[in-house]
Amino acid sequence: MLKDYKGISNISGPLMLVKGVEGVKYGELVEIKLGDGSMRNGEVLEVEEDKALVQVFEGTTGIDAKETKTRFLGRGIQMYLSPDILGKIFTGLGKPKTENDRIIPEKKLDISGNPINPYARDYPNEFIQTGISAIDGLNTLVRGQKLPIFSGSGLPHNKMAAQIARQSKVLGTEESFAVVFIAMGITFEESEFFIQDLKKTGALSRSVLILNLADDPAIERIATPRVGLTCAEYLAFEKDMHVLVILTDMTNYCEALREVSASRKEIPGRRGYPGYLYTDLASIYERAGKIKGRDGSITLIPILTMPEDDKTHPIPDLTGYITEGQIILSRPLNKKKVSPPIDALPSLSRLKDKGIGEGKTRKDHSDIFNQLYAAYARGKEVQELAVILGEAALTDMDKIYYKFADEFEAKYISQGEYENRSIEETLDLGWKLLSMFPRERLKRISDEYLDEYLPRFKKEEKEVAK
């Protein structure tokens with residue numbers, strides 16, 4: 001039998017202290033009934049003896065300590081689930097956004113999830129095609145991987161997120177593929193963009209949207225990624241689906257964490273973030289992966305905006321430690337109208353070698369990636385040199401590298417927002433760009449592949465030149 005308490009002793013900001021409680025646990029949900037009969041919700045942040053510190057989701061404005069009753073529900077936040085969640089939109093607390101988003105639940109799960117036994121984890125080794133050449137060709141995404149996107153304020157990471165959600169698929173498998181799209185602290189305009197974009201392209205039918213808006217409570221923002229990942233775990237490990245989870249924007253999540261930590265008067269760590277930021281982020285990121293003996297998997301793409309474009313800021317810094325690489329968006333490339341403005345040189349997918357090659361993408365993928373990377377790096381060096389010495393000081397070969405860097409950015413990295421390139425098209429585009437070099441310069445590609453592919457693209461280049 002649930003008991004009502006009237007012992008509110010203190011109210012401060014979004015927090016209230018309830019005295020005289022019994023058997024209350026951390027993370028427990030609370031119903032708060034105000035004197036006028038209206039209801040609010042909260043969550044237990046801290047318990048000490050007979051006192052419980054409660055964060056009120058809707059804020060404490062208008063709460064009368066004497067007239068308000070609190071009821072502890074004996075459970076944490078739960079997500080009601082069934083296969084019908086596909087094509088539906090939920091709030092940051094997992095409640096249906098509209099009447100049309102209601103489902104008949106098959107089961108309910110606590111949003112905290114269950115940790116995956118490290119011994120039971122299977123190694124990621126299957127290619128996921130996003131349709132974006134700079135990812136598929138250079139920083140390959142592998143099923144079960146955690147690959148974050150490091151962006152900056154004002155860069156088009158939301159458009160890129162929507163494009164990945166629309167286009168992603170696992171090649172060569174008959175298994176179902178789903179996208180769980182989790183947005184935290186976004187504006188109403190951004191929310192409508194994601195909803196309408198996925199509806200217009202038909203991708204909504206295989207997607208679950210969890211949307212937390214900028215004016216929603218901070219404590220709700222902390223629950224949002226866990227609600228989405230609970231949906232992903234259900235689809236992956238109970239319905240055997242490949243699930244791609246996109247989290248945007250993790251910076252908003254961390255800001256909410258800092259706000260709640262400050263409300264609790266905790267000792268701050270780097271830049272005011274709580275000392276447990278690393279552990280908290282790991283509790284989200286490590287819910288991705290594959291389990292031995294299970295067909296389903298969770299692949300994770302967290303997106304975060306780096307404050308002041310600083311890679312050493314605690315959020316990107318700690319994210320880099322936990323995840324397997326990073327894709328970095330570049331402000332200079334964005335100014336040059338390269339879209340998506342992915343900076344290929346500092347970007348990295350640590351598991352790319354496991355997801356490419358014969359039977360996964362194509363046998364020449366590894367060699368073509370290495371050669372493109374080397375040629376682009378040399379081309380950028382030449383361009384920097386030309387700024388100092390002038391183009392007249394460049395050798396004929398330097399001029400080819402200079403041209404290659406520009407062509408690579410304009411044709412390979414840059415592509416249309418609705419342009420979905422297959423891995424074959426991406427690799428062929430790489431060969432086409434490399435065909436501007438003499439064969440002896442392509443030292444990172446084996447002779448076998450040079451003999452098989454290069455003559456075709458050299459011939460095409462000559463025909464275009466005529």
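Quick note: numbers below take in every heavy atom, side chains included, and nothing from hydrogens, waters or symmetry partners.
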Greater than 12 external heavy atoms within 6.0 Å of N114's CG:
no
With sequence neighbours left out, what residues match R258 under salt bridge (charged side-chain N to carboxylate O under 4.0 Å, His left out)?
E255
Does a salt bridge link D64 with K66, judged by any charged N lying under 4.0 Å from a carboxylate O?
no
From the list K107, K239, R287, salt bridge (charged side-chain N to carboxylate O under 4.0 Å, His left out) with E233 holds only for R287
Can you run down the ring pair (Phe, Tyr, Trp, His ring centres under 6.0 Å) pairs that involve residues 282-340, sequence neighbours left out, and say none if there aren't any?
Y273-H313
Looking at residues at least two apart in the chain, or sitting in another chain, which of them share a salt bridge (charged side-chain N to carboxylate O under 4.0 Å, His left out) with R40?
none
Residues D4 and R71 bridged, charged N to O under 4.0 Å:
yes
Does a side chain donor of either D110 or Q78 reach within less than 3.5 Å of an acceptor in the other side chain?
no
Could you check whether D310 and T312, counting side-chain N and O atoms only, form a donor-acceptor pair closer than 3.5 Å?
yes
V30, D50, V47 screened by side chain to side chain contact (heavy atoms under 4.5 Å, CB included) with V24, the one that passes:
V47
Ignoring hydrogens and angles, write down the donor-acceptor pairs under 3.5 Å from the side chains of residues 409-418, residues two or more places apart or on other chains.
{"from": "E409", "atom 1": "OE1", "to": "K336", "atom 2": "NZ", "distance (Å)": "2.7"}
{"from": "E409", "atom 1": "OE2", "to": "Y376", "atom 2": "OH", "distance (Å)": "2.6"}
{"from": "E409", "atom 1": "OE2", "to": "K380", "atom 2": "NZ", "distance (Å)": "3.0"}
{"from": "K411", "atom 1": "NZ", "to": "E407", "atom 2": "OE1", "distance (Å)": "2.8"}
{"from": "S414", "atom 1": "OG", "to": "S339", "atom 2": "N", "distance (Å)": "3.3"}
{"from": "S414", "atom 1": "OG", "to": "S339", "atom 2": "O", "distance (Å)": "3.4"}
{"from": "Q415", "atom 1": "OE1", "to": "S133", "atom 2": "N", "distance (Å)": "2.9"}
{"from": "Q415", "atom 1": "NE2", "to": "G131", "atom 2": "O", "distance (Å)": "2.9"}
{"from": "Q415", "atom 1": "NE2", "to": "E419", "atom 2": "O", "distance (Å)": "2.8"}
{"from": "Y418", "atom 1": "OH", "to": "D197", "atom 2": "OD1", "distance (Å)": "2.6"}

Salt-bridge test for R362 and D367: reply yes if a basic N is under 4.0 Å from a carboxylate O, no otherwise.
no
Can you list, pair by pair, the side-chain donor-acceptor contacts under 3.5 Å of residues 11-23, counting residues two or more places apart and other chains?
none

Quick one: side-chain contact (heavy atoms from CB on, under 4.5 Å) partners of A288, sequence neighbours excluded?
K146, I298, L300
When you measure from the centre of the six-membered ring of Y119, is the NZ or CZ of K292 under 6.0 Å away and within 45° of the axis?
yes
